Protein chains: 2
Amino acid sequence: MTATRPPRADAVRNRRLLLAAAADEFAEHGLDASVADIARRAGVGKGTVFRHFATKDDLVAAILTDRMDALHHLGERLLASGDPAAAVREFLTAAAAQRQERDLSFLAAATESMPEVAAARDRMMATIDAVVARARDHGAIRADITGTDVFLLMCAPNYVAGYVPDAVPDLWRRYLAVILDGLSPEGAQPLPIQPPTLT
Amino acid sequence: MTATRPPRADAVRNRRLLLAAAADEFAEHGLDASVADIARRAGVGKGTVFRHFATKDDLVAAILTDRMDALHHLGERLLASGDPAAAVREFLTAAAAQRQERDLSFLAAATESMPEVAAARDRMMATIDAVVARARDHGAIRADITGTDVFLLMCAPNYVAGYVPDAVPDLWRRYLAVILDGLSPEGAQPLPIQPPTLT
DNA sequence: TAGCAAGTTGACCGCGCGGTCCGGTTAGTG
DNA sequence: CACTAACCGGACCGCGCGGTCAACTTGCTA
């Protein structure tokens, strides 16, 4: 048996500091944020970064899985609540709000092949599927929309709003509203092209 | 007076080769595509790149202005044609098709501060404003949508479709249809947040 | 066809990156 | 309290980048 000791207190603290600093640094400078800057921001040496995360990609993966799991848990809570239509609306709103605070969506492309990230995404996808299926069954959203569609459309409001130079706070709400109108059964035209499946 | 000679024939050819090679290389490797690779792909030396474009950013700017001007001219043609609703639909379809062939939308962020790019964007924006205003006046799209809104929403279908791993051709059409339904007056809920203005 | 400005080339430069490594430090244990 | 394994820090490495330059080649003109 590998009876591993619990990690030292400072190691736990530094790991948390590093994740926070990295999220901030990536949000400000994109994927090009340097490991040295992240270490400086966290107040530790560069070597400490690589002790906790073998490569820069592993660090990115850790941030992403944390964020996706947060949405996963939110989805489960919404499923337990009553209103199927509100659940979809609130899920998409929360996802956009998370991205508004710190837009890290570009990190997804960099780590799509890492199994831990894929697993977290699958967990989140399963929850979205459930939320969307329930709303569809209640006629709260159009019949030809799948969970995968909603997953893909999730990031669009922030992406769109991000093109405005001096960040208008909450502008994403405007485009989320447009997309929600597009998802509603009212006045829906038939969709071309079959819905996609992931992996 | 500065009576400049016309450029030499090989210089004109190389400039064209470089723009094409750079567009391909950026589409494949993102903004990180190296100048050396672009030169190799165009079949010229690295020095030649910097003779035509003072910096890598200038090269990016040249590609972007070309593409935006193409859409600008399309918009003008659509304005001359009859159907206001079809004009919006066709403009957005063409914009998405351009991005489908080679997605270079990420280049915009890198050069947003360059005046020549801003000028090309403003030309395109003016055309979009006209196309959207005409459609709005005819009741073809909802009353609370502006040209800037459409400009911002333009890239969303490709962005959304781009998250699917093994590129489903024309998947963007599905999400363009969702957004077009969201832009239609039918079943439109009031939008939160005022429409943005650029610069 | 002679002359030359314009164009081309690839070796070269400095820089900052991701990642390594080892000597010094410190938190937890018996 | 003394010991030690885990942890930390930052100098260091090799690499590939954007950009420069001086020697060479070539399309145009008179």
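We name chains A, B, ... by the order of the sequence lines, and we start the count at 1 in each one. Note that the coordinates shown come from a computational prediction; the quantities given were computed from them, not determined experimentally.
The distance from atom CZ of B:Arg51 to atom P of D:dA22 is 14 Å, rounded to the nearest whole Å. The separation between A:Asp58 atom CG and C:dG18 atom P is 14 Å, rounded to whole Å. When the C1' atom of D:dG19 is taken as reference, atom CG of B:Leu59 falls 14 Å away, rounded to whole Å. Remark: C1' of C:dC15 and CG of A:Asp32 are 15 Å apart, rounded to the nearest angstrom. Rounded to a whole Å, the CZ atom of A:Phe53 is 16 Å from the P atom of C:dT20. Taking atom CD1 on B:Ile38 and atom P on C:dG10, their separation rounds to 17 Å, with Å as the unit. A:Phe26 places its CZ atom 8 Å from the P atom of C:dG18, with the value rounded to the nearest Å. For the pair B:Leu31 CG and D:dC17 P, the interatomic distance rounds to 13 Å; values are reported in whole Å.
For the pair A:Arg102/A:Phe26, no side-chain contact is recorded, criterion being any heavy-atom separation below 4.5 Å from C-beta on. The shortest side-chain heavy-atom distance between B:Val168 and A:Gln194 does not fall under the 4.5 Å cut-off. In this structure, B:Ile145 and B:Leu191 have side chains that are in contact, with non-hydrogen atoms separated by less than 4.5 Å.
Checked against C:dA6, D:dG18, C:dA27, the side chain of A:Ala9 finds its nearest nucleotide in C:dA27. Each of C:dA6, C:dG19, C:dA11 was ranked by its minimum atom distance to the side chain of B:Lys46; first place goes to C:dA11. Counting only heavy atoms from C-beta on, B:Asp10 has its side chain closest to C:dG7 among C:dG28, D:dG19, C:dG7. Comparing D:dG27, C:dG7, D:dA5 by their closest approach to the side chain of B:Ala11 singles out C:dG7. Taking every side-chain heavy atom of B:Thr48 into account, C:dT8 is the closest of D:dA6, C:dA11, C:dT8. Between C:dG19, C:dG7, C:dG28, one nucleotide has an atom nearer to the side chain of A:Thr55 than all others, and that is C:dG19.
The pair B:Arg142-A:Asp181 meets the salt-bridge criterion, with a side-chain N (NZ, NE, NH1 or NH2) lying under 4.0 Å from an Asp/Glu carboxylate O.
Here B:Asn14 reaches the OP1 or OP2 of C:dT8: one of its side-chain N or O atoms lies under 4.0 Å away. For the OP1/OP2 pair of D:dG16 and a distance below 4.0 Å, the side-chain nitrogens and oxygens of B:Ser34 include no atom meeting the criterion. At least one side-chain nitrogen or oxygen of B:His52 sits closer than 4.0 Å to the OP1 or OP2 atom of C:dT8.
Within 4.0 Å of B:Ala33, counting heavy atoms only, lie sugar-phosphate atoms of the nucleic acid but no base atom.
Between the side chain of B:Lys56 and the base of D:dG19, no donor-acceptor pair under 3.5 Å is found.
DNA chain C is contacted by both B:Arg13 and A:Arg8; B:Arg13 maps to the nucleotide lying nearer its 5′ end (nearest heavy atom per residue). Between B:Ala54 and B:Pro7, the residue anchored nearer the 5' end of DNA chain D, judged by the nucleotide with its closest heavy atom, is B:Ala54.
Distance check, rounded to the nearest 0.5 Å: CG of B:Leu74 to CG of B:Leu78 gives 4.5 Å. To the nearest 0.5 Å, atoms OG1 (B:Thr93) and CH2 (B:Trp172) are separated by 5.5 Å.
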